[in-house]
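Chain naming here is simple, since letters A, B, ... match the order of the sequence lines and numbering starts at 1 in each. FYI, side chains are in, hydrogens and waters are out, and symmetry mates aren't considered; it's all heavy atoms of this structure. In this text, all values refer to a predicted model and were calculated from it rather than measured experimentally.
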Amino acid sequence: MPELPEVETTRRGISPRIKHKTIENVTIRHRQLRWPIPANLKAKCKGQIIKDVSRRGKYLLIKLDTGTIIMHLGMSGSLRVIDCNIPPEKHDHIDIVLNTDKCLRLRDPRRFGAVLFTTGDPLEHKLLKHLGPEPLEKDFNATYLFNKSRKRNLAVKLFIMDSKVVVGVGNIYASESLFKAGIHPKKAAGKITKEQYASLARAIKSVLKAAIKSGGTTLRDFTSSDGSPGYFSQSLKVYGRKGEPCSKCGKTITHSVIGQRATYYCTHCQK
DNA sequence: CAAAGGTCCTGCTCGC
DNA sequence: TGCGAGCAGGACCTTT
């Protein structure tokens with residue numbers, strides 16, 4: 001479910017509703033996510049004021065007085081701010097209870113997500129320290145991609161999905177961006193020209209921006225923090241469109257598996 | 001039974 | 001022979 005636009009949509013949804021609020025309690029129903037929820041999380045959070053809600057890649061950073069909650073939504077996670085008296089459902093693993101009769105509730109059926117805590121600089125945390133640039137920042141550009149990709153022989157789709165290269169480009173938007181840039185997803189990253197990378201960097205930025213603007217992509221059950229769906233799925237040009245006509249040339253959209261992930265592209269438009 | 005939006009970790013191969 | 005970099009595959013889990 002969540003790629004960068006979905007995480008950003010979530011951040012924007014929850015931030016105004018939890019910022020400056022005090023955490024009264026933390027209810028953990030299922031500790032075992034990708035990693036166990038830290039045993040001391042409740043003690044670390046109780047009584048703390050939420051100072052800020054930011055994002056690095058797909059990690060959400062909830063800054064408290066003395067430390068930061070690091071959250072990742074994994075493959076199926078979602079966050080909502082709801083009334084505490086709404087009974088939790090099967091996959092509602094943790095409630096961060098606020099002093100407003102509301103709580104921040106994490107639902108994650110597949111439990112690939114994470115809830116961690118750090119007292120240090122979260123950007124120096126093991127999981128965040130080696131992340132590549134943010135795709136919407138200026139340091140993510142043709143020169144960066146070109147230099148970073150020299151002597152890399154893997155498929156360009158896998159290259160741009162590598163969080164050490166750039167954060168936030170997941171399986172859907174990788175296919176969409178490569179289509180927009182006219183680059184074949186299996187082409188070796190190291191054989192792509194600087195001009196093509198200029199086009200790809202622009203495509204990634206514009207696809208992600210457009211997706212954020214429309215509230216993310218809804219596939220299956222993604223809803224933003226207020227329960228409304230994202231509408232970007234209507235704008236997807238190739239993802240999930242195997243067998244349909246290409247919107248540029250009319251030839252049939254191809255599906256194949258790259259690095260164990262579904263990939264969609266047009267063999268006529270993408271070389 | 002296969003596949004679904006993520007990504008860390010392990011272990012192998014290759015080249016210096 | 002040793003070491004680091006790059007890369008493929010496995011692992012985690014539930015639902016449709």
Side-chain angles (χ1 to χ4, degrees), chain A residues 1-10 29-37 55-60 70-79 89-94 106-116 125-132 135 147-178 185-191 204 207-208 211-212 214-224 229-242 255-264:
Chain A
M1 168 204 314
E3 297 197 28
L4 187 144
E6 289 71 34
V7 178
E8 179 60 19
T9 296
T10 298
R29 301 184 196 85
H30 200 130
R31 292 220 105 71
Q32 196 57 49
L33 302 183
R34 191 175 209 278
W35 296 282
I37 295 174
R55 179 187 59 73
R56 175 76 175 99
K58 297 175 190 168
Y59 292 92
L60 282 168
I70 300 174
M71 279 197 187
H72 197 289
L73 300 179
M75 201 90 121
S76 60
S78 60
L79 278 171
E89 294 183 25
K90 188 176 178 186
H91 301 293
D92 292 341
H93 305 312
I94 181 168
L106 173 69
R107 175 176 301 179
D108 186 4
R110 293 182 69 179
R111 286 191 270 123
F112 287 174
V115 178
L116 300 170
H125 188 278
K126 183 189 174 191
L127 293 174
L128 309 201
K129 193 171 183 176
H130 301 289
L131 293 177
N147 292 340
K148 191 89 175 170
S149 61
R150 292 310 90 183
K151 299 186 178 173
R152 298 295 302 268
N153 197 41
L154 82 174
V156 62
K157 183 183 179 231
L158 296 175
F159 178 69
I160 60 171
M161 287 177 68
D162 180 348
S163 64
K164 290 193 288 301
V165 173
V166 57
V167 295
V169 181
N171 200 39
I172 296 177
Y173 300 119
S175 278
E176 291 299 309
S177 302
L178 288 163
K186 288 184 182 174
K187 184 156 184 174
K191 291 185 176 166
I204 289 170
V207 166
L208 292 178
I212 291 170
S214 59
T217 299
T218 298
L219 297 180
R220 293 180 176 75
D221 60 354
F222 179 76
T223 52
S224 55
Y231 290 101
F232 196 71
S233 54
Q234 298 165 15
S235 309
L236 298 176
K237 300 279 195 266
V238 289
Y239 188 87
R241 298 195 183 279
K242 178 187 181 183
H255 162 271
S256 73
V257 174
I258 300 176
Q260 308 175 54
R261 308 299 299 279
T263 306
Y264 300 88

How long is the line joining [atom1] of [X] and [atom2] of [N], in whole Å?
| X | N | atom1 | atom2 | answer |
| --- | --- | --- | --- | --- |
| H255(A) | dA2(B) | NE2 | P | 14 Å |
| L236(A) | dA4(B) | CG | C1' | 15 Å |
| L128(A) | dC8(B) | CG | C1' | 13 Å |
| E6(A) | dA4(B) | CD | P | 16 Å |
| K157(A) | dG6(B) | NZ | C1' | 12 Å |
| H30(A) | dC12(C) | NE2 | P | 14 Å |
| M75(A) | dC8(B) | CE | P | 13 Å |
| R152(A) | dT13(B) | CZ | P | 19 Å |

Partner of dC13(C) by Watson-Crick or G-U wobble geometry, both contacts under 3.5 Å, or none? none
From the list [options], which nucleotide is the closest neighbour of the side chain of [X]?
| X | options | value |
| --- | --- | --- |
| A262(A) | dG6(B), dA4(B), dT14(C) | dA4(B) |
| W35(A) | dC13(C), dA8(C), dC8(B) | dC8(B) |
| H72(A) | dT14(C), dC7(C), dG6(B) | dG6(B) |
| R261(A) | dT7(B), dT14(C), dC7(C) | dT7(B) |

Under 4.0 angstrom between [X] side-chain N/O and [N] OP1 or OP2:
| X | N | result |
| --- | --- | --- |
| Y59(A) | dC8(B) | yes |
| H91(A) | dT14(C) | no |
| K164(A) | dG6(C) | no |
| K148(A) | dG6(C) | no |
| K58(A) | dT7(B) | yes |
| R34(A) | dT7(B) | no |
| R110(A) | dC12(C) | no |
| S76(A) | dC13(C) | no |

Does Q260(A) or L131(A) map to a spot on DNA chain B nearer the 5' end, using the closest nucleotide for each? Q260(A)
For L4(A) and K126(A), take the nucleotide of DNA chain B holding the closest heavy atom to each; which residue's nucleotide lies nearer the 5' end? L4(A)
Touch class at under 4.0 angstrom, heavy-atom based, for D108(A) against every strand present: nothing
NA contact type, L33(A), heavy-atom cut-off 4.0 Å: base, sugar-phosphate, or nothing? nothing
Would K157(A) and N171(A) count as having a side-chain donor-acceptor pair, cut-off 3.5 Å? yes
Strictly by modelled atom types, are R111(A) and H30(A) linked by a side-chain donor-acceptor pair under 3.5 Å? yes
[X] side-chain N/O to [Y] backbone N/O, donor-acceptor pair under 3.5 Å:
| X | Y | result |
| --- | --- | --- |
| T263(A) | R261(A) | yes |
| R29(A) | D92(A) | yes |
| E176(A) | V207(A) | no |
| R55(A) | L60(A) | no |

Quick check: closest heavy atoms across K58(A) and G170(A), and the distance to 0.1 Å? NZ-CA, 3.7 Å
Please figure out whether G259(A) or R150(A) has its closest DNA chain C nucleotide nearer the 5' end. R150(A)
May I ask whether F112(A) stacks on the base of dC12(C), given the cut-offs of 5.5 Å between ring centres and 30° between planes? yes
